[in-house]
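Take a look at the structure set out below.
Computed from a prediction, not measured in an experiment: that's the story for all the values here. Counting starts at 1 for both ligands and their atoms, in listed order.
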Amino acid sequence: MPIVKAEDLETLASRIFTARGVPESDAAWIAALLVRANLRGHDSHGVIRIAQYVASMDKGETNPTPEIRVLNETPTTAMIDYGIELAIDKARASGLSAVTLQRTNHVGRLADYVELAALQGTIGLMWVNAPLSAGVAPWGGAARRLATNPHAVGIPGPDGPALLLDFATSVVAEGKMRVKFNRKEQAPSGWMLDSEGRPSTDPQKFYGPPKGSLLPMGEHKGYGLALVVEILAGILSGTGAARDGIGPVRNGTLMLVIDPRRFLPLTSFHEQVADLVAWVKSAPLVENSKGILVPGEPEARTEADRRANGIFVEDETWAQIQAAERGASRASPFQT
Ligand code: NAD
């Protein structure tokens with residue numbers, strides 16, 4: 001069970017991707033995002049994904065040297081193959097922008113993208129679907145119909161992001177089930193159904209065969225949000241909405257960026273957000289509470305700890321990474 005320093009893990013990940021033909025700067029960017037997910041406490045989107053990305057390139061589903069094209073553009077909108085930077089630039093110029101992405105593989109943690117918007121003083125919103133990667137049952141249903149369809153918002157503050165909200169519309173991201181599976185642990189109750197629609201805590205019964213399903217978060221509410229994400233991110237981007245079949249991950253994406261300066265002075269925006277956070281945090285605590293946090297704070301705390309003390313990588317994931325470095329793919333039950 002290795003505990004690895006972030007820098008070493010990043011170098012290793014980068015080396016694995018460049019060996020597959022990914023240009024050095026792109027490999028470094030992907031490696032940095034994966035290790036950042038581990039640092040921020042989301043092992044579901046960290047180096048556990050190396051084996052998935054390598055297998056996807058080996059199968060020809062992911063192009064290591066893609067040509068990025070703008071398919072359709074106006075001053076406030078764009079349909080492209082890549083790019084939060086363009087959305088931020090358009091919002092800075094026009095106050096608001098909406099950019100869709102298609103032909104993308106797995107984009108990882110959404111927080112990293114909306115954080116870029118918040119770091120530039122803009123509000124970033126992002127939604128992602130995955131039409132052929134269903135893992136979630138609709139509320140009241142007993143079989144997979146929707147992907148985990150995450151939703152993220154980055155709010156700027158005077159010294160970096162004030163809030164970074166980022167979660168799947170399922171009870172948890174599917175990757176958290178991968179971590180349980182690789183660690184040979186049971187899932188908490190309330191996460192999943194088995195293939196017959198019965199509550200289960202066994203990750204093996206999620207991956208099957210036959211496959212079980214994750215539950216939507218907040219019952220009908222998460223299910224409703226997931227449906228809306230299919231329309232916003234899947235249909236608007238041209239990637240398509242959830243449908244029958246299993247295929248490579250294609251994260252249809254919609255990014256909305258808003259420049260708050262078009263509505264009020266930025267200092268007033270910062271002050272009002274700070275007042276809101278202070279007000280929320282002034283609530284008395286329930287018994288045994290660890291305190292009131294705002295979205296993004298748990299990840300900042302975990303990052304400080306993991307930068308100092310290293311990142312724990314479970315044996316199965318470490319074996320998959322080593323196999324990827326040797327140029328082999330290790331059999332995995334996870335669909336890519
Ligand atoms: P989660 O349930 O861990 O929730 C994380 C969010 O809740 C964060 O914003 C965090 O700051 C906030 N939070 C946690 N504890 C808090 C507390 N005590 N007080 C206030 N806020 C708190 O996340 P998840 O649903 O398991 O998703 C994990 C990751 O998976 C996300 O980064 C998401 O983008 C990613 N994801 C990606 C895809 C994809 O296809 N690319 C699909 C699904 C999920």
Side-chain angles (χ1 to χ4, degrees), residues 30 33-46 48-49 52-53 56 62 84 101-102 104-116 118 124-136 144 146-155 160-180 187-188 190-192 214-218 221-222 225-226 229-230 232-234 237 239 242 247-255 276-277 280-281 283 285-286 288-303 334-336:
I30 302 163
L33 285 181
L34 291 178
V35 174
R36 184 133 202 280
N38 290 111
L39 282 171
R40 304 285 283 179
H42 290 280
D43 295 331
S44 55
H45 288 72
I48 197 171
R49 299 282 172 170
Q52 172 188 341
Y53 295 173
S56 181
T62 299
I84 181 77
L101 309 183
Q102 57 173 255
T104 44
N105 199 282
H106 188 244
V107 300
R109 282 179 68 237
L110 275 52
D112 285 320
Y113 304 92
V114 295
E115 184 173 0
L116 291 176
L125 298 101
M126 183 168 172
W127 299 270
V128 157
N129 84 329
L132 294 177
S133 308
V136 184
R144 300 176 173 208
L146 299 160
T148 52
N149 294 1
H151 160 104
V153 183
I155 302 287
L163 298 187
L164 285 174
L165 176 71
D166 174 25
F167 54 70
T169 51
S170 44
V171 171
V172 287
E174 180 268 331
K176 287 201 165 76
M177 196 68 92
R178 293 185 187 206
V179 174
K180 291 286 178 202
W191 277 21
M192 60 168 282
L214 278 170
L215 284 162
M217 73 157 192
K221 301 179 188 182
L225 272 177
V229 173
E230 289 294 339
L232 293 180
S237 71
T239 308
V249 177
R250 288 283 175 263
N251 274 160
T253 301
L254 171 66
M255 294 180 293
L276 170 67
V277 170
V280 169
K281 289 193 170 196
L285 300 183
V286 295
N288 299 324
S289 168
K290 292 186 183 137
I292 298 167
L293 303 178
V294 293
E297 269 188 303
E299 285 79 7
R301 290 181 179 189
T302 306
E303 180 169 358
F334 314 132
Q335 68 194 48
T336 58

Between [X] and ligand 1, is there a nitrogen or oxygen pair with a distance under 3.5 Å?
{"X": "L165", "result": "no"}
{"X": "A173", "result": "yes"}
{"X": "V294", "result": "no"}
{"X": "F167", "result": "no"}
{"X": "S44", "result": "no"}
{"X": "T148", "result": "no"}
{"X": "D166", "result": "yes"}

Proximal ligand 1 atoms for H106, defined as those under 4.0 Å from one of its heavy atoms |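 Result: 39 (C), 40 (O), 41 (N).
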Mark up the atoms of ligand 1 that fall under 4.0 Å of a heavy atom belonging to G296, in ascending order.
->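 Those of ligand 1 that fall under 4.0 Å from G296 are 11 (O).
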Please work out whether any backbone atom (N, CA, C, O) or any side-chain heavy atom from C-beta onward of [X] is under 4.0 Å from ligand 1, and answer side chain, backbone, both or neither.
{"X": "R109", "value": "both"}
{"X": "E174", "value": "neither"}
{"X": "H45", "value": "side chain"}
{"X": "V249", "value": "neither"}

Does the side chain of T62 come within less than 4.5 Å of P248's, by heavy atoms?
->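 Result no, sub-4.5 Å side-chain heavy-atom pair not found.
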Proximal candidate to atom 1 (P) of ligand 1 [heavy atom criterion; set R40, K176, R49] =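 Minimum heavy-atom distance to atom 1 (P) of ligand 1 goes to K176.
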Short check: is a protein heavy atom less than 4.0 Å from atom 32 (O) of ligand 1?
-> yes
Would you please name every residue forming a ring pair (Phe, Tyr, Trp, His ring centres under 6.0 Å) with H106, sequence neighbours left out?
-> H45, Y53
Who's the nearest protein heavy-atom neighbour of atom 22 (C) of ligand 1, and how far?
->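 Its nearest protein heavy-atom neighbour is P298 CG, 3.9 Å.
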If you have a sec, work out which protein heavy atom is nearest atom 18 (N) of ligand 1 and how many Å separate them, to one decimal?
-> L293 CD1, 4.2 Å
